Amino acid sequence: MARILCIDYGRKRTGLAVTDPLQIIAGGLVTVATSELFDFLQQYVAKEQVERIIIGKPMQPNGRPSENLQRVQQFVRQWQKARPDIPIEYYDERFTSVLAHQAMLDAGLKKQRRQDKALVDEIAATIILQDYMRSRR
């Protein structure tokens with residue numbers, strides 16, 4: 001089997017998470033500058049077998065698209081054009097940042113570490129991926 005990769009796309013930073021090759025466990029991978037995301041993913045899929053990519057669909061709590069959705073859609077189109085062999089699909093990301101902060105509190109992380117936005121993005125990507133995997137079962 002191949003991995004599933006998840007993207008929590010942000011204006012400045014993007015959190016990434018990935019499954020193990022058997023798609024049992026989701027874990028944080030890294031947070032990269034969004035301007036470097038496409039190149040990072042190209043390099044990653046060149047060395048790791050990735051079955052599909054899940055990307056958080058930014059929506060407001062009321063179900064309306066958030067301001068970041070256009071940027072996400074633009075990235076998805078760019079990926080689909082360059083790499084049609086690796087499908088990319090949307091998954092609802094509402095409240096994942098809140099859940100990431102709660103997970104950090106539950107883990108007992110100190111305040112300074114909880115304010116690390118890169119870590120929050122990576123944890124949010126992991127939560128999106130875990131939810132996606134749970135929904136497939």
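Just the heavy atoms: all of them, side chains too, but no hydrogens, waters or symmetry mates, feed the values below. Since we're looking at a predicted model, the values are computed, not measured.
Atom CD of Gln42 has more than 12 heavy atoms from other residues, nucleotides or ligands within 6.0 Å.
Scanning for side-chain hydrogen bond (donor to acceptor under 3.5 Å, both in side chains) contacts around Thr14 gives Thr34, with sequence neighbours left out. The side-chain hydrogen bond (donor to acceptor under 3.5 Å, both in side chains) check on Gln70 picks up nothing, with sequence neighbours excluded. In this view, Glu51 and Gln23 satisfy the side-chain hydrogen bond (donor to acceptor under 3.5 Å, both in side chains) rule, not counting sequence neighbours. Every residue two or more places apart in sequence or in another chain was checked for a salt bridge (charged side-chain N to carboxylate O under 4.0 Å, His left out) with Arg77, and none qualifies.
Checked options Ile86, Leu29, Ile54, Ile88; the residue passing with Leu5 is Leu29 (criterion: side chain to side chain contact (heavy atoms under 4.5 Å, CB included)). Partner of Leu16 under the side chain to side chain contact (heavy atoms under 4.5 Å, CB included) criterion, out of Leu129, Leu37, Asp121: Leu37 alone.
Ile24 is not connected to Met133 by any chain of hydrophobic side-chain contacts under 4.5 Å among Ile, Leu, Val, Met, Phe, Trp and Tyr, and they are in different clusters.
Residue pairs meeting the ring-ring contact (aromatic ring centres under 6.0 Å, His included) criterion with at least one partner in residues 21-61, sequence neighbours excluded, are Phe38-Trp79. Annotation: salt bridge (charged side-chain N to carboxylate O under 4.0 Å, His left out) contacts involving residues 28-49, sequence neighbours excluded, comprise Arg3-Glu48. Identified under the salt bridge (charged side-chain N to carboxylate O under 4.0 Å, His left out) test for residues 67-76, with sequence neighbours left out: Arg11-Glu67, Glu67-Arg71. Residue pairs that meet the ring-ring contact (aromatic ring centres under 6.0 Å, His included) test with at least one member in residues 8-27, sequence neighbours left out, are Tyr9-Phe75.
Distance check, rounded to the nearest 0.5 Å: NZ of Lys12 to OG of Ser35 gives 12.0 Å. With rounding to the nearest 0.5 Å, the separation of NZ in Lys57 from CD in Glu89 is 12.0 Å. Interatomic distance, Arg136 CZ to Asp131 CG, rounded to the nearest 0.5 Å: 13.5 Å. For the atom pair OH of Tyr132 and OG1 of Thr19, the computed distance is 10.0 Å after rounding to the nearest 0.5 Å.
Under a 4.5 Å side-chain heavy-atom cut-off, the cluster of Ile, Leu, Val, Met, Phe, Trp and Tyr residues that includes Met1 has no other member.
Within the 4.5 Å cutoff, no side-chain heavy atoms of Met59 are placed close to those of Ser66.
When every heavy atom of Gly56 is checked against every heavy atom of Val72, the shortest pair comes out as O-CG1, 3.9 Å. Closest of all the heavy-atom pairs between Gly15 and Thr31 is CA-OG1, 3.9 Å. The two atoms that bring Cys6 and Ile128 nearest to each other are SG-CG2, 3.5 Å, heavy atoms only.
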Next item on the list: Tell me, with the steps shown, if Val32 and Arg13 meet side-chain contact (heavy atoms from CB on, under 4.5 Å).
Entry: CA-CA 6 Å; Val32 298; Arg13 290 172 317 281; over 6 Å; no
